[in-house]
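Everything quoted here is computed from the prediction, not taken from an experiment.
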Amino acid sequence: IPKEVLIKLADCGRMSASAANLQPIKYALIDKPELTEKIFPLTKWAGYLADGTPKDAEKPPAYIAVIGDDSINKNALENEAGLVMSSIMIAACGEGLGTCCLGAIQRDKINALLALPENLHTLYLIAVGFPAQNSRAEDISGKCKYFETDDGIVVPKRPLSEIIIDC
C-alpha cells in the first residue's frame with residue numbers, strides 16, 4: 001500500500017468532527033514489514049469465529065494506529081477515535097482496500113514498539129490491506145454475531161425498521 005494512500009486515509013480522519021475542535025487524535029502509519037510483523041502477534045482477530053486470525057498470506061501490509069494525546073484532551077478520546085476510524089475505514093473502501101478495526105490489542109506493548117511518549121497512547125489499530133474474502137451485511141433481527149458462510153463473512157445488521165424512531 002503506497003504511503004501516499006495511508007497519508008490520504010489519515011487526512012480523512014483529520015477532517016472528522018472533533019469535540020470543541022481540539023483534535024486530540026494522532027496517527028502512526030505502520031507499513032514497514034519489520035514493524036508490522038512485530039505488531040501482528042499483539043492483536044486478536046474475529047472473536048466470534050472459530051479461526052478468524054489471518055493466515056500468513058493474509059496478514060495486513062499496514063496498520064494505522066489511532067493514538068490519543070492526553071495533553072490536548074483526555075475526556076473524549078473514545079468518541080474522537082470512533083469518529084476518525086469511521087472516516088478512515090470508509091475512505092479505505094473507496095480506495096479498494098479492506099480494513100479491520102482492532103480493539104483487542106496489547107496497547108502497552110504497541111506503545112513501546114512505537115516509542116510513544118507518556119502523553120500519547122494507542123487507542124485502536126486499523127488493519128489495512130486487500131480483502132481476502134467477501135463480506136456482506138444482512139438484515140438479521142436480534143443477532144449481532146458475524147459468521148462465516150461458503151462465500152464469505154456475513155455481518156448482521158439490525159433492519160432500518162428497528163433503528164429508526166418515527167417522531
Side-chain angles (χ1 to χ4, degrees), residues 1-19 21-49 51-69 76-107 110-111 113-114 116 120-139 144 146-158 160 163:
I1 299 173
K3 182 71 102 182
E4 303 82 43
V5 172
L6 294 175
I7 291 169
K8 182 177 180 181
L9 297 179
D11 194 36
C12 286
R14 180 178 72 96
M15 292 296 154
S16 298
S18 174
N21 201 33
L22 293 175
Q23 305 170 56
I25 301 296
K26 298 184 177 185
Y27 311 92
L29 308 179
I30 304 164
D31 63 345
K32 294 182 178 76
E34 60 275 9
L35 191 52
T36 61
E37 282 299 316
K38 290 177 182 175
I39 294 281
F40 186 80
L42 304 177
T43 62
K44 290 188 180 180
W45 295 76
Y48 291 145
L49 303 180
D51 185 20
T53 301
K55 311 295 182 257
D56 282 343
E58 300 169 345
K59 289 181 180 176
Y63 296 92
I64 298 175
V66 178
I67 296 168
D69 187 339
L77 291 176
E78 289 293 321
N79 292 335
E80 301 274 342
L83 290 165
V84 302
M85 288 188 300
S86 291
S87 297
I88 289 170
M89 294 171 79
I90 290 168
C93 187
E95 296 287 329
L97 298 169
T99 58
C100 183
C101 174
L102 299 167
I105 58 176
Q106 296 179 42
R107 288 172 176 81
I110 293 168
N111 293 344
L113 271 176
L114 300 177
L116 298 180
L120 300 180
H121 54 96
T122 304
L123 300 167
Y124 296 95
L125 290 175
I126 301 173
V128 184
F130 302 95
Q133 80 274 333
N134 294 319
S135 296
R136 71 177 186 281
E138 253 182 41
D139 285 356
C144 66
Y146 48 84
F147 57 92
E148 287 183 289
T149 64
D150 289 338
D151 64 341
I153 294 178
V154 176
V155 182
K157 296 293 181 181
R158 296 182 193 282
L160 283 172
I163 64 164

What's the shortest heavy-atom distance between [X] and [Y], and which atoms?
X	Y	result
L120	L116	O-CB, 3.8 Å
I39	L125	CG2-CD1, 3.7 Å
P131	L97	CD-C, 4.3 Å
E80	A19	OE2-N, 2.7 Å

Under the side-chain hydrogen bond (donor to acceptor under 3.5 Å, both in side chains) rule, collect the residues that match up with [X], sequence neighbours excluded.
X	value
D69	K26, S71, N119
D151	R136, T149
K55	D51

### Query
How would you list, by chain and number, every residue that makes a salt bridge (charged side-chain N to carboxylate O under 4.0 Å, His left out) with E78, sequence neighbours excluded?
none

### Query
Who are the salt bridge (charged side-chain N to carboxylate O under 4.0 Å, His left out) partners of K3, not counting sequence neighbours?
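K3: salt bridge (charged side-chain N to carboxylate O under 4.0 Å, His left out) contacts with D31.
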
### Message
If the condition is side chain to side chain contact (heavy atoms under 4.5 Å, CB included), which residues does P41 pass it with, not counting sequence neighbours?
### Response
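P41: no side chain to side chain contact (heavy atoms under 4.5 Å, CB included) contacts found.
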
### Polar side chain donor-acceptor pair, Q23 to S18, under 3.5 angstrom
no

#### Entry: Pair E95 + K8, salt bridge at N-O below 4.0 Å
yes

### Query
Does R14 count as lying over the ring of Y27, i.e. NZ or CZ under 6.0 Å from the six-ring centre, within 45 degrees of the axis?
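Geometry flag: not set, cation outside 6.0 Å or 45°.
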
### Task
Kindly indicate whether the side chain of L113, heavy atoms from C-beta on, has any atom under 4.5 Å from the side chain of L42.
yes

